[in-house]
Participant: 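I have a structure I would like to understand better, so I am pasting it below and will then ask my questions one at a time.
First listed ligand is number 1; within each ligand, the first listed atom is number 1. The structure displayed is predicted, hence computed values, not measured ones. Heads up: numbering here begins at 1 and tracks the sequence.
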Amino acid sequence: MTNVVVLGTQWGDEGKGKIVDLITPSFDVVARYQGGHNAGHTVYVKGRKTVLHLIPSGVLHEGTLCVIGNGVVLSPKAFLAEAESLKKLGVSVGRNIVLSKNAHLILPYHPLLEGLSEDRRGSHKIGTTKQGIGPAYEDKIGRRGIRVADLLDLDVLKDKIRENLAEKNPLLEQGGIAPLDPDAIFEEFKGYALLLAPHIADVPLLLDDLIKEGKSILFEGAQGVLLDIDHGTYPYVTASNPTAGGVCTGLGVGPNKIQAVLGITKAYTTRVGSGPFPTELVEDQGKTIQERGDEFGATTGRSRRCGWFDAVPVAYACRINGIETVALTKPDILDVFQEIRICTSYKYKGTLLRSFPVESEVLAKVEPQYRSVRGWGRPLAKVSDFAKLPSAFKDYLKIIEDLIGARAGIVSTGVEREDTILLPERLKGIVDLAKVRAAQSR
Ligand code: IMP
């Protein structure tokens, strides 16, 4: 029994979907602990691309139990649409998907209120995915949220929708949006209640039972550490905790049940939405990375901002999450560069900073300090043996490892499961390599 957290160490889009899918055979359960359908986890299997937003990336493996925890905000409409599209691909989506009764629901007013809030911010807008994620979490903290369990008691559901709309409709009207009809929303959600009911469970109890039976759980994070509401680049963050602590609150699992945290780290940096980005490349090199890396949002289609690898935030992410092992993704995107830069530290007001500054105002003014390394000059794709990797790439990797204080246990060199180098010694106590390898070659 090994329970492992898999989380993104940058601003999201590190390639978590591929890695979760790859190592799922080593686990019995994959459990999402935060976020909502703002996430976009892309998985390729035998040339077929599947984008998951809400349902854990383990769903593509028959027999894996997929859990959506109380830390997630759930849009029933998005969930059912995703389940439907998976069914069309022949993926089973029945009792293998469990929803926490304590997860909060996203209602139709949430994206509308978010639109108004973003408009009000003008040039300071967050650049959210506009899925209603932030307003749903606001209602959770404001103690007026509507939860999955409320779908099981229609009288309660009706009252809560009315109470919420009494508060939200005036806000919508102030913003020039027509008020919403509580009866229409109730009817819509009554329909969802019927469809979701078979999936609803007491997740902390279920996970405790499974752990006692000796089952292994992969805790799947969405977004990334730098988008964490507490530890990210506030206010340009999402509204939940992608950091490892989110597992305990977002699923009801004790910290002593977690054996390891695997960080997913992209070989360069990307960011969607607003906020400071010290190593951003606004000219040709950024475009090259964007195009080669297909850096366009899986949820919104927005182009991602691209830049050199920045070790400062990744070292911070490793420190605050207890990450000792990372999976390095997409280094093959850098194949074409003769010279590759790595940001090693920041200077602020003439002084080297000791750690990553989370204050956006400071981060916007830091001067990144770079180290240049030579490119490896040949494609990394399809190399499956670490020893056969070019020495310039190994140098690049070693520099990154030393800077972030963690070692790579996985190097991903392409989108497919088999485009992955596994380093057995470094993955001990994290995954069962035999199971992963068997699935890789299927
Ligand atoms: P929200 O999560 O929709 O509230 O958006 C808040 C910030 O998080 C925005 O900058 C989004 O672009 C960013 N964000 C949300 N989800 C993701 C993701 O899955 N990948 C990358 N960025 C994301």
Participant: When you measure from the side chain of Glu280 to the backbone N and O of Thr269, does any donor-acceptor pair fall under 3.5 Å?
Facilitator: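 Not confirmed, Glu280 side chain does not pair with Thr269 backbone.
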Participant: Of the protein's non-hydrogen atoms, which lies at the shortest distance from atom 17 (C) of ligand 1, and what is that distance?
Facilitator: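 Result: Gln223 CG, 3.5 Å.
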Participant: May I ask you to check whether Trp308 and Tyr268 place their ring centers less than 6.0 Å from one another?
Facilitator: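 No; Tyr268 has its ring centre 6.0 Å or more from that of Trp308.
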Participant: Does Gln131 have a heavy atom less than 4.0 Å from any atom of ligand 1?
Facilitator: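 No heavy atom of Gln131 comes that close to ligand 1.
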Participant: Could you tell me whether Arg305 sits above the aromatic face of Phe277, with NZ or CZ closer than 6.0 angstrom to the six-membered ring centre and within 45 degrees of the axis?
Facilitator: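 Judged by the rule, Arg305 and Phe277 form no cation-pi pair.
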Participant: Just to be sure I read this right, does ligand 1 sit under 4.0 Å from the backbone of Arg302, its side chain, both, or neither, counting only heavy atoms?
Facilitator: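 Near ligand 1, Arg302 shows its side chain, while the N, CA, C and O stay back.
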Participant: At under 4.0 Å between heavy atoms, is it the side chain or the backbone of Tyr236 that contacts ligand 1, or both, or neither?
Facilitator: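 Looking at Tyr236 and ligand 1, no heavy atom falls under 4.0 Å.
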Participant: Assess the side chains of His61 and Asp21: does a donor N or O sit below 3.5 Å from an acceptor N or O?
Facilitator: yes
Participant: Any idea which part of Val237 is under 4.0 Å from ligand 1, heavy-atom wise: side chain, backbone, both or neither?
Facilitator: backbone
Participant: Does a salt bridge link Lys190 with Glu187, judged by any charged N lying under 4.0 Å from a carboxylate O?
Facilitator: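 Counted as a salt bridge, because a side-chain N and a carboxylate O are separated by less than 4.0 Å.
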Participant: Under a 4.5 Å cut-off applied to non-hydrogen side-chain atoms, are Val261 and Val4 in contact?
Facilitator: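 Counting from C-beta outward, Val261 and Val4 never come under 4.5 Å.
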Participant: Salt bridge or not between Arg407 and Glu324? Use side-chain N to carboxylate O under 4.0 Å.
Facilitator: no
Participant: Checking a contact table here: which protein heavy atom is nearest atom 10 (O) of ligand 1, and how many Å away?
Facilitator: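 Looking only at protein heavy atoms, the one closest to atom 10 (O) of ligand 1 is Val272 O, 3.1 Å.
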Participant: To the nearest 0.1 Å, how far is atom 5 (O) of ligand 1 from its closest protein heavy atom, and which atom is that?
Facilitator: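 Closest protein heavy atom to atom 5 (O) of ligand 1: Thr128 CA, 3.3 Å.
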Participant: Quick check on contacts: which atoms of ligand 1 are under 4.0 angstrom from a heavy atom of Thr129?
Facilitator: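 Going through ligand 1 atom by atom, the ones under 4.0 Å from Thr129 are 1 (P), 3 (O), 5 (O), 15 (C).
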Participant: Looking only at protein heavy atoms, identify the closest one to atom 2 (O) of ligand 1 and say how far it is in Å.
Facilitator: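 Answer for atom 2 (O) of ligand 1: Thr238 OG1, 2.6 Å.
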Participant: Could you tell me, atom by atom, which parts of ligand 1 come under 4.0 Å of a heavy atom of Asp13?
Facilitator: 20 (N), 21 (C)
Participant: Please tabulate, one pair per line, all N/O donor-acceptor pairs under 3.5 Å involving side-chain atoms of residues 98-113, not counting sequence neighbours.
Facilitator:
residue	atom	partner	partner atom	Å
Ser100	OG	Asn102	N	3.1
His110	ND1	Leu107	N	2.9
His110	NE2	Asp139	OD2	2.8

Participant: Output the list of atoms in ligand 1 that are nearer than 4.0 Å to some heavy atom of Trp11, sorted by atom number.
Facilitator: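 Those atoms are 21 (C), 22 (N).
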Participant: So is Ala39 touching ligand 1 or not, going by heavy atoms under 4.0 Å?
Facilitator: yes
Participant: If you measure from the Lys or Arg side-chain nitrogens to the Asp or Glu carboxylate oxygens, is any gap between Lys266 and Glu295 under 4.0 Å?
Facilitator: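 A salt bridge is present here (some side-chain N lies under 4.0 Å from a carboxylate O).
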Participant: If you measure from each heavy atom of Gly127 to ligand 1, is any distance below 4.0 Å?
Facilitator: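 Contact present.
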Participant: Using a 3.5 Å cut-off on N or O atoms only, is Asn38 in polar contact with ligand 1?
Facilitator: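 So ligand 1 has an N or O lying under 3.5 Å from an N or O of Asn38.
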Participant: For ligand 1, indicate whether the residue Leu227 contacts it via side chain, backbone, both or neither (heavy-atom separation under 4.0 Å).
Facilitator: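 Within the 4.0 Å criterion, Leu227 contacts ligand 1 through side-chain atoms alone.
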Participant: Test your reading of the model: is there a side-chain donor-acceptor pair from Glu62 to the backbone of Ser92, 3.5 Å cut-off?
Facilitator: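 A pair under 3.5 Å: no.
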Participant: Please could you name the atoms of ligand 1 that Ile126 approaches to less than 4.0 Å, counting only its heavy atoms?
Facilitator: 10 (O)
